[in-house]
Every structure is written in C-alpha cells, then in structure tokens.
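Data block below; observations after.
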Amino acid sequence: MKNRLHFLFLFFIIFFNCSDDSSNNNNEDILTFEGDVVLTSQEEINDFGANNYQKINGFLVILDGDAINTDVIIDIFNLDALIDLIEITGDLNIQLNDNITNLDGLSNIEKVGGKIYLYQNQSLLNVDGLSNITEIGGDFGIDNNIALKRIEGFNNLNFINGSLDIGGNWQLETINGFNNLESVSNRFIIDSSGLIEFNAFNSLTETGSDFKFLTDITQFTGFDNLTTVGRDCWLTSNVDFNLFNIFSNIQTINGEFLLTNNNEISSLNFLSNLTYVGDDIEISNNTNLSDFCGLTNLIQTNLQGDFYTSSNLYNPTEQDMQDGNCY
C-alpha cells in the first residue's frame, strides 16, 4: 500500500495518510488491516487483496485513478481480489469507476460500521455483491449509476442507522429485496422513473425522517407494514394503492403529506388508519380521485395543518370534509 493515496469524496479531493500496519485481532481472530484504505487502480486492489485481510479497521474507498488524474489509464475492472473481506468499521465508498460491472468481490462483507455510498459507477449493472450485509451504521446511497438495471437482495438487513437514498439511476428497472428491513433511522427516498418490477420493503415499519416514493411504476408490492413516517411523506406513483394493500397501515406522519400525480387511484380508503399528520395535507393532480372518505376521521378530529386539493376528479375543501361531503 502507498503511504499516501488520493481520495475524492462528493466532488472534493482529500488526502489521507494510510497506515500499512496490520495485525491479527486477538479478540476476533481475523486478519485485520489497521487504517484507512484508498484503492485507485486494479494493481492496488490486487495487491491489497493478496494479503487476505478480512477486516478493515477504518474506511474503504474504491475510486478509479483517472477521476483524480486524467492522464491515468482507467483500469479498475473488478473487485474479486477483495473476496476475503468480512467487515469494514468505517465507510464504504465506491464511486467514479467507469468499468466495474458488479460488486461480487465484496460478497462476503457482513458489516459496515459507517455509510455505504455507490455513486456514478458508469458500468455498474447490479449491486448483488453486497447482499450479505447485515448491518449498516450510517447512510446507504445508490445514486447516479447510469447503467444500473436492478437492485436485489439485502434480505439479511434489519436496520439502517441513517438514510436510504436511491435516485438518478436512470436505467433502473427492478427493486426486489430489503424484505427484512424494519427501520430506517433517517430519511427514505426512492426517486426513480422507469421501474418495472418492485417487490421490496415488506417489513419496513418506520422511518425517522422523510419518506418519499416518487416513481411512475404501475404495480408493485411493498410497504404494507409501514406505520410511522418521522417527517414528510410524499407519494407519487401510478398504482391503485387500494388494490394492492399498499400504505394501508400508515398511522402517523409527523410532517406534511403530499399525494400527487397518480392517475390510477380513485379513492383514499387505503388511508383509513391514518390518525395523525403533523403539517399540511396536499392532494393534487390525481385525475380519477373522487372519494376522500378515507381521510374523514382525521380531518374531522385531528387536522393539524391546512388541507389542500386541486386537479383531482373531486376537490373537496376542508369544510366539505367537516360536513361529511367526502365524495
């Protein structure tokens, strides 16, 4: 390992000193590298992997060297040499790699103590190689990987101690998995047009902050156990939530609630369990929506903010709802 390697994080170049000291961890009896690791070429990946480290007591960054120096030849093609890794105590950042198509070389990683950030890996087709992860100690971001087709697996993951952000992956067609994930401590955002298949997050019960599901998918399975959103809740989709029993158990939204641009939904009966919204409610641009009765109890007994409707088939005012004119 070089004593000093380059690291670009979120568009900034930062320099870190890497220790080349390693030791056998007496408590866990696994081969541990002590220090942060930044790998910027296939040669560095292969050389580090040849040591058969199972644990990195620090962060791991995988970044193609040409992102720092345009004179460097792009040469990171696979991560297979890292197959012995089981745990990273800090962050795992894989970003700005043009030729990596999969993460299979990381398939034995079970714990990441910090965040996981997969950003702008132009040829990445799937992230299955991370599916054995059971613990994430920070945010999990999958962003701007323009060739990414599917996100599957992660069924061993119960809790994310941070945010989950999936967005800007413009060829993403499939999200299947995360079906034992119960809680996300910060925000939950999926912003993805073009989704075709979605069967995920069936055990998710709460988010600590915003929940935003912004897609144009027409049918999917998931979120049937979600009860609590810690802040704002935005729903945009072309799914009739009533037919698929989606979002039917939501009870508490601590911020605003926005339901918009859904041409399939005709009633709000799926929201009949919703008893608290801490801010405004806006329901707009749902061209077939005419039945608001699922919100009658909430609006008559526990409305905290303003109630707005527009460009729906029926647009009741707050007074209409108070008077029982919900459809």
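What you see below is based on every heavy atom in this structure, not just the backbone, and it leaves out hydrogens, waters and symmetry mates.
Atoms CD1 and CZ, from Ile246 and Phe223 in turn, are 8.5 Å apart once rounded to the nearest 0.5 Å. The distance from the CG atom of Asp191 to the CG atom of Leu172 is 11.0 Å, given to the nearest 0.5 Å. In this structure, Ser163 OG and Lys115 NZ are separated by 11.0 Å, a value rounded to the nearest 0.5 Å. In this structure, CG on Asn269 lies 7.0 Å from SG on Cys293, to the nearest 0.5 angstrom. Between the CG atom in Leu85 and the NZ atom in Lys111 there is a gap of 14.5 Å [rounded to 0.5 Å]. The distance from atom CD of Gln322 to atom CZ of Phe307, rounded to the nearest 0.5 Å, is 10.0 Å.
Considering only heavy atoms from C-beta on, Ile94 comes within 4.5 Å of Leu106 through its side chain. For the pair Asn262 and Thr287, the minimum side-chain heavy-atom distance is 4.5 Å or more. In this structure, Ser192 and Trp170 have side chains that are not in contact, with every pair of non-hydrogen atoms separated by 4.5 Å or more. Side-chain atoms of Lys212 and Ile190, non-hydrogen and from C-beta on, never get closer than 4.5 Å to each other. Inter-residue side-chain proximity for Asn145 and Asn169 is flagged as met; some heavy-atom pair is nearer than 4.5 Å. Contact of the Leu268 side chain with the Asp291 side chain is not registered, since no non-hydrogen atoms from C-beta on lie closer than 4.5 Å. The closest side-chain heavy-atom distance from Leu164 to Ile189 is not below 4.5 Å. Under the 4.5 Å side-chain criterion, counting only non-hydrogen atoms from C-beta, Asn108 is not in contact with Asp84.
Residues Leu31 and Phe48 share a hydrophobic cluster, clusters being chains of Ile/Leu/Val/Met/Phe/Trp/Tyr side chains in contact below 4.5 Å. Both Val127 and Ile100 are assigned to one and the same hydrophobic cluster, defined by single-linkage of ILVMFWY side chains at heavy-atom distances under 4.5 Å. Transitive grouping of hydrophobic side chains (ILVMFWY, heavy atoms separated by less than 4.5 Å) keeps Trp234 and Val239 in distinct clusters. Ile83 and Leu103 fall into different hydrophobic clusters, where Ile, Leu, Val, Met, Phe, Trp and Tyr residues are linked whenever their side-chain heavy atoms come under 4.5 Å apart, directly or through other members. Using a 4.5 Å cut-off between side-chain heavy atoms of Ile, Leu, Val, Met, Phe, Trp and Tyr, with links allowed through other members, Ile109 and Ile45 fall into the same hydrophobic cluster.
Checked by atom type and distance alone, the side chain of Ser272 never pairs as donor or acceptor with a backbone atom of Gly294 at under 3.5 Å. Asn273 contributes no side-chain N or O that, together with a main-chain N or O of Asn249, makes up a donor-acceptor pair within less than 3.5 Å. A donor-acceptor contact shorter than 3.5 Å is absent between the side chain of Thr252 and the backbone of Thr228. Remark: the backbone N or O of Asp98 is paired with a side-chain donor or acceptor of Ser123 at under 3.5 angstrom. Judged by distance alone, the side chain of Thr260 and the main-chain N or O of Asn285 form no donor-acceptor pair under 3.5 Å. Not a single donor-acceptor pair under 3.5 Å links the side chain of Gln304 to the backbone N or O of Asp279. When atom types are taken as modelled, the side chain of Asp216 and the backbone of Gly194 share a donor-acceptor pair closer than 3.5 angstrom. Side-chain N or O atoms of Thr89 include one that pairs as donor or acceptor with a backbone N or O of Gly58 at under 3.5 Å. Distance alone, capped at 3.5 Å, is enough to place a donor-acceptor pair between the Asn97 side chain and the Gln95 backbone. A side-chain donor-acceptor contact under 3.5 Å links Ser237 to the backbone of Ile217.
If you run ring-ring contact (aromatic ring centres under 6.0 Å, His included) between Phe213 and each of Phe201, Phe220, Phe188, only Phe220 comes through. Results of the side chain to side chain contact (heavy atoms under 4.5 Å, CB included) test with Phe257 over Ile250, Leu298, Leu235 single out Leu235 as the only residue that passes. Applying the side-chain hydrogen bond (donor to acceptor under 3.5 Å, both in side chains) test between Arg187 and each of Asp165, Asp232, Asp210 identifies Asp165 as the sole match.
Side-chain contact check for Asn158 and Asn180: no donor-acceptor pair (N or O, by modelled atom type) lies under 3.5 Å. Under the 3.5 Å distance criterion, with hydrogens and angles disregarded, a donor-acceptor pair is assigned to the side chains of Asn176 and Glu197. Counting only N and O atoms by type, the side chains of Ser266 and Asn288 include no donor and acceptor under 3.5 Å apart. With no hydrogens or angles considered, no side-chain donor-acceptor pair links Gln42 and Asp75 at under 3.5 Å. No donor-acceptor contact under 3.5 angstrom links the side chains of Asn121 and Tyr119, judged on distance only. Using modelled atom types, one finds no donor on one side chain facing an acceptor on the other under 3.5 Å when comparing Asn312 with Thr309. Side-chain contact annotation: Asn202 with Asn199, donor-acceptor N/O pair under 3.5 Å present.
Between Phe247 and Phe270, the distance separating the two ring centers is not shorter than 6.0 angstrom.
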Original post:
ring pair (Phe, Tyr, Trp, His ring centres under 6.0 Å) between Phe154 and Phe140: does it pass, once the steps are laid out?
Top reply: CA-CA 12 Å; Phe154 299 99; Phe140 188 8; 5.4 Å; yes

Side chain to side chain donor-acceptor pair (under 3.5 Å) between Glu34 and Asn57, intermediate numbers included = CA-CA 5 Å; Glu34 297 289 347; Asn57 194 13; 2.7 Å; yes

- Message: Checking Ile281 against Tyr308 for the side chain to side chain contact (heavy atoms under 4.5 Å, CB included) test, could you report, in this order, the C-alpha distance in whole Å, the side-chain angles of both residues, the deciding distance, and whether it holds?
- Response: CA-CA 6 Å; Ile281 299 173; Tyr308 303 101; over 6 Å; no

TODO: Could you go through the side chain to side chain contact (heavy atoms under 4.5 Å, CB included) check for Leu124 and Thr101 one step at a time?
DONE: CA-CA 4 Å; Leu124 187 64; Thr101 60; 5.9 Å; no

Step by step, would you call Ile142 with Leu148 a side chain to side chain contact (heavy atoms under 4.5 Å, CB included)? CA-CA 10 Å; Ile142 306 175; Leu148 186 63; 3.7 Å; yes

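Closest approach of Asn161 and Ser185 over heavy atoms only: C-OG, 3.2 Å. Among all heavy-atom pairs drawn from Asn261 and Asn286, the shortest one is N-OD1, 3.4 Å. When all heavy atoms of Phe211 and Leu204 are compared, the closest pair comes out as CE1-CD2, 4.3 Å. Across all their heavy atoms, Gln171 and Ala147 have their closest contact at NE2-CA, 3.9 Å. Contact record, Lys55 with Ile30: CB-CD1, 3.6 Å, taken as the closest heavy-atom pair. Closest heavy-atom contact between Ser131 and Glu152: OG-O, 3.2 Å.
Surrounding CD of Gln219 are at most 12 heavy atoms belonging to other residues, nucleotides or ligands under 6.0 Å away. In Gln300, the CD atom is crowded: over 12 heavy atoms of neighbouring residues, nucleotides or ligands sit closer than 6.0 Å. By the neighbour-count criterion of 12 heavy atoms within 6.0 Å, atom OH of Tyr327 is sparsely surrounded, having that number or fewer from other residues, nucleotides or ligands.
Tyr314 and Phe292 have perpendicular rings, their planes meeting at more than 60° on a 0 to 90° scale where under 30° would count as parallel.
A salt bridge links Arg150 with Asp128: the closest approach of a Lys/Arg side-chain nitrogen to an acidic carboxylate oxygen falls below 4.0 angstrom.
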